2 protein chains.
Amino acid sequence: MSNQDLVLLDQTDGTAGTSGTSSASGTADVSGSADCCPGLLTAPLDGDQAAELAKVFKALGDPVRLRLLSMIASRAGGEVCVCDLTPAFDLSQPTVSHHLKLLREAGLIDCERRGTWVYYWLVQEMTDRLAAILTRPTGAPAPDGAAS
Amino acid sequence: MSNQDLVLLDQTDGTAGTSGTSSASGTADVSGSADCCPGLLTAPLDGDQAAELAKVFKALGDPVRLRLLSMIASRAGGEVCVCDLTPAFDLSQPTVSHHLKLLREAGLIDCERRGTWVYYWLVQEMTDRLAAILTRPTGAPAPDGAAS
DNA sequence: ATCTTGCATCGACAGTTATCGATTCAGGCG
DNA sequence: CGCCTGAATCGATAACTGTCGATGCAAGAT
C-alpha cells in the first residue's frame with residue numbers, strides 16, 4: 001500500500017549499499033504519497049495515515065532517542081560515528097544500537113559503514129515533513145467559528 | 001525549574017475553572033523557559049529537555065491519539081465534544097477517555113466541562129512549539145553528507 | 001429524590017518496549 | 001592465518017502501555 005512512499009527515503013541511503021547494517025529495511029513513511037502535506041491540524045487523519053505517522057512520533061517518544069537524534073542532527077554536516085554516541089549514554093552498547101535502529105526504521109536517520117566504524121546522519125526530509133505536519137497552514141482562519 | 005513554563009499553557013485553560021476534569025494538572029512542557037527554540041536539530045538536548053519533549057512525542061506516538069488530535073484540531077474553532085469523538089473509534093469509551101487524558105497531560109489539548117458534556121480543544125502553542133523544534137533554522141547549510 | 005446520560009477513574013490483563021549479557025558479524029592488523 | 005575492535009543481532013526479563021468491563025461522579029430530566 002505504501003510502496004512508492006519509500007522512494008523518497010530510499011534515495012538517501014543509496015550510498016549505504018556497502019553498509020552491512022541492512023539499511024532501509026523497514027523505513028516508515030509519513031504522509032501518503034498522494035497528498036504532500038496532509039496536515040494533522042487541518043483535517044482528520046484516516047487510519048493509515050495515523051498509523052504511519054504514529055510510528056515516527058513513537059520513535060521520537062523516548063528521551064534517549066531524542067538525544068541521539070539531536071546529537072546527530074546538530075552536526076550540520078551530519079555524520080556522527082556510533083563510537084561517539086554510545087559513550088554519551090549510561091546505557092549498554094546494544095541498547096544504543098537498538099535505539100539507533102528504531103530511529104532508522106522510522107526514517108529519521110540513516111547510516112553507512114565506513115571501515116570499522118558506522119556513521120549516522122539525519123534524514124532532513126523527515127523532520128521537515130514532521131514540521132510541516134505540525135504547522136498550521138498560514139492564513140488559517142482564526143478559530144472563532146467553532147459551531148460553524 | 002519548569003514553573004513559569006506552564007504559564008504559557010495555563011492561559012489557554014483559564015476558562016476551565018469550572019471544569020471538573022482537573023485540567024492542567026500535569027501538563028508537560030517542551031522547551032526550557034530560558035531558550036525559546038532550543039532546536040533539537042541545532043544542539044544536543046540535555047536530559048531534562050529530552051525527557052520533557054519525549055513526553056509530548058510519546059503522546060503523539062499512537063494512531064488513536066493522532067486521530068483524536070487531528071479531529072480536535074481540524075475544528076478550526078476548536079471545540080469538540082467527547083460525545084462526537086468516542087463513536088468515531090472502535091474502542092470503548094474508557095479507552096478513548098484515557099487517550100484524551102494523555103493528550104491533555106502532554107499539553108496538546110485542553111478541556112472544559114459544559115453542562116453534561118466535555119469539550120476539548122487544541123493547545124496551539126504546543127504544536128507550534130513542536131513545529132519550531134523540528135524546523136531547521138533558516139539558512140542552515142544543507143547537509144550534503146546524506147545526498148552525496 | 002430518583003433516574004438517566006455523559007464522562008472519568010479503577011483494577012486487571014495482554015501485548016509491547018527498554019534494557020541487559022552473550023553472541024555474532026564485519027574489517028583492520030599482527 | 002588468527003586476533004582485536006566496533007557495531008549489530010539474539011534471548012531473556014522487567015517495566016510500561018493499550019484495552020477492557022465495572023464502577024463512580026457530575027449534571028440535567030422526570
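Chain letters run A, B, ... following the sequence lines, proteins first, then strands; residues in each count from 1. On a predicted model such as this, the values are computed, not experimentally measured, just so you know.
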5' priority, DNA chain D, between Arg65(B) and Gln93(A) [closest heavy atom]: Gln93(A)

Residue-phosphate contact under 4.0 Å: His99(B) side-chain N/O, dT19(D) OP1/OP2: yes

Nearest-neighbour nucleotide for the Asp62(A) side chain, dT17(C), dA18(C), dC7(C) considered: dA18(C)

Whether Thr135(B) side chain and Ala131(B) backbone form a donor-acceptor pair below 3.5 Å: yes

Candidate nucleotides dC20(D), dG18(D), dT5(D), ranked by approach to the side chain of His98(B) - the nearest: dG18(D)

Rounded distance in Å - OH (Tyr120(A)) to P (dA7(D)): 9 Å

Selection from dA7(D), dT17(C), dC20(C) that lies nearest to any side-chain heavy atom of Pro94(A): dC20(C)

Per Thr116(A) side chain, nearest of listed nucleotides dG6(D), dT19(D), dC20(D): dG6(D)

Interatomic distance where CG belongs to Asp110(B) and C1' belongs to dA8(C) [whole Å]: 15 Å

Touch class at under 4.0 angstrom, heavy-atom based, for Leu102(A) against every strand present: sugar-phosphate

Distance, rounded to the nearest Å, where Arg114(B) contributes CZ and dA8(C) contributes C1': 18 Å

Side chain of Ser97(B) - closest among dT19(C), dA8(C), dC20(D): dA8(C)

Any donor-acceptor pair under 3.5 Å from Arg65(B) side chain to Lys58(B) backbone: yes

Nearest-nucleotide pick for Trp117(A), side chain only, options being dG6(C), dA7(D), dT19(C): dA7(D)

Distance in angstrom units between Lys101(B) NZ and dT17(D) P, rounded: 13 Å

Any donor-acceptor pair under 3.5 Å from Arg113(B) side chain to Gly115(B) backbone: yes

Spacing between Lys58(B) atom NZ and dT17(C) atom C1', to the nearest angstrom: 10 Å

Interatomic distance, Ile109(A) CD1 vs dA8(D) C1' [rounded to whole Å]: 13 Å

Touch class at under 4.0 angstrom, heavy-atom based, for Leu91(A) against every strand present: sugar-phosphate

Closest-nucleotide 5' rank along DNA chain C - winner of Gly115(A) and Ser92(A): Ser92(A)

Ion pair Arg114(B)/Glu79(B), N-O distance below 4.0 Å: yes

Atom-pair distance (OH on Tyr119(B); C1' on dC7(C)), nearest Å: 13 Å

Donor-acceptor pair, side chain of Ser74(A) and main chain of Ser70(A), under 3.5 angstrom: yes

Proximal nucleotide (of dG21(C), dT19(D), dG6(C)) relative to the Arg113(B) side chain: dG6(C)

Interatomic distance where CD belongs to Glu112(A) and C1' belongs to dA7(D) [whole Å]: 15 Å

